[in-house]
Amino acid sequence: ADAGQPDVLFHLARVLVRLQRPEEALSLYQQALKLAPRDSGIRVELAALYKSSGQRDRAGGILSAGLTEQAEDAVLHFELGRMLWEKGAGEEALEQFQKALAGDSSSTYIQRYIGLIHSTQGRTAAALGAYRRLEVRRPDDPSVKVNIGIVYSQQGNYGEAEKAFKAALQIGRDGG
């Protein structure tokens, strides 16, 4: 591989990960990122490799470093938000997801996390709002209906919860 081609290094690193050779992949991801520091894909996969090897702080640092150069990058905000959520830092994760949403208002994944965080924090009205916005984008997604039903259940509004769960059952598929 030509050491001056970040895309080649990046894709070779991906193959090495799949071949269960993470040490070699790590070196290639680092080289690729050095050559293309604004490439979010390389940065996200390098962070994922650090995370999978138990180096969560280093993974978060890679994402945060990217945000110092690209403060509006929705992908980096999203990935940092996911990492914070997994770490148990719900409010910090929510902040990252809101920044990600500002950069990519069409992302259903971001809305799901926002709804989940609000729901787990007991902010059911905010959770319901997030899931209703998601429902507009994904009206035939039974999992959205299930999430809405769960929030209504949390509120004690069992009639609306029942309607949401029945709507999920009518749609069918595995998501319900």
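Here the structure is a predicted model, which is why all the values come from computation and not from measurement.
- In this view, R112 and D141 satisfy the salt bridge (charged side-chain N to carboxylate O under 4.0 Å, His left out) rule, not counting sequence neighbours.
- Atom-to-atom distance recorded for L84:CG and E92:CD is 6.0 Å, nearest 0.5 angstrom.
- Residues passing the ring pair (Phe, Tyr, Trp, His ring centres under 6.0 Å) test with Y131, sequence neighbours excluded: none.
- The shortest side-chain heavy-atom distance between E86 and R56 falls under the 4.5 Å cut-off.
- Counting non-hydrogen atoms of other residues, nucleotides and ligands closer than 6.0 Å to CD of Q20 gives a total of 12 or fewer.
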* To do: Run the numbers on F165 and I150 for side-chain contact (heavy atoms from CB on, under 4.5 Å), then give the verdict.
  => CA-CA 8 Å; F165 291 135; I150 290 169; 4.2 Å; yes
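- Side-chain contact between L67 and L63: absent, with no pair of heavy atoms (C-beta onward) separated by less than 4.5 Å.
- Taking every heavy atom of both residues into account, L76 and G66 meet most closely at CD1-C, 3.7 Å.
- Two residues are said to be in side-chain contact when any heavy atoms from C-beta on lie closer than 4.5 Å; Q121 and I117 meet this criterion.
- One hydrophobic cluster holds both L116 and V151 under the rule that ILVMFWY side chains link at heavy-atom gaps under 4.5 Å.
- Expressed to the nearest 0.5 Å, how far CG of L16 lies from NE2 of H11 amounts to 13.0 Å.
- Between I42 and R14, every side-chain heavy-atom pair lies at or beyond the 4.5 Å cut-off.
- In the hydrophobic clustering of this structure, F78 groups with L134; members are Ile, Leu, Val, Met, Phe, Trp, Tyr whose side-chain heavy atoms approach within less than 4.5 Å, directly or through other members.
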* **Worked check of side-chain contact (heavy atoms from CB on, under 4.5 Å) between L94 and H118** => CA-CA 8 Å; L94 181 60; H118 284 306; 3.6 Å; yes
* Asked: Where do Q31 and S27 land on the side-chain hydrogen bond (donor to acceptor under 3.5 Å, both in side chains) test, with the steps shown first?
  -> CA-CA 6 Å; Q31 289 175 42; S27 174; 3.2 Å; yes
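- Between A59 and A47 the shortest heavy-atom distance is CB-O, 3.2 Å.
- In this structure the side chain of D39 never reaches within 4.5 angstrom of the side chain of P6, judged on heavy atoms.
- Separating the CZ atom in R137 from the OG atom in S106 is a distance of 5.5 Å, to the nearest 0.5 Å.
- In summary, the side chains of Q155 and T124 do present a donor paired with an acceptor at a separation below 3.5 Å, with no hydrogens or angles considered.
- The minimum heavy-atom distance linking A71 with H77 is given by the pair O-NE2, 2.7 Å.
- Looking at every heavy atom in both residues, M83 comes nearest to G60 through SD-N, 3.5 Å.
- One hydrophobic cluster, built from ILVMFWY side chains closer than 4.5 Å, holds both F97 and L128.
- When the side chains of ILVMFWY residues are joined at heavy-atom separations under 4.5 Å, either directly or via intervening members, V17 and L33 end up in a single hydrophobic cluster.
- Counting heavy atoms from C-beta on, the side chains of Y113 and L101 never come closer than 4.5 Å.
- By the criterion of side-chain heavy atoms lying less than 4.5 angstrom apart, applied directly or through intervening Ile, Leu, Val, Met, Phe, Trp or Tyr residues, F10 is grouped together with L46 in one hydrophobic cluster.
- Crowding of E72 atom CD: a count of heavy atoms from other residues, nucleotides or ligands under 6.0 Å not exceeding 12.
- Between E45 and Y29 the shortest side-chain heavy-atom distance falls below 4.5 Å.
- The two residues P142 and A168 come nearest to each other via the heavy atoms O-CB, 3.6 Å.
- Distance OG/S64 to CD/E69: 12.0 Å, rounded to 0.5 Å.
- Using a cut-off of 4.0 Å between Lys/Arg side-chain N and Asp/Glu carboxylate O, R123 and E91 are scored as salt-bridged.
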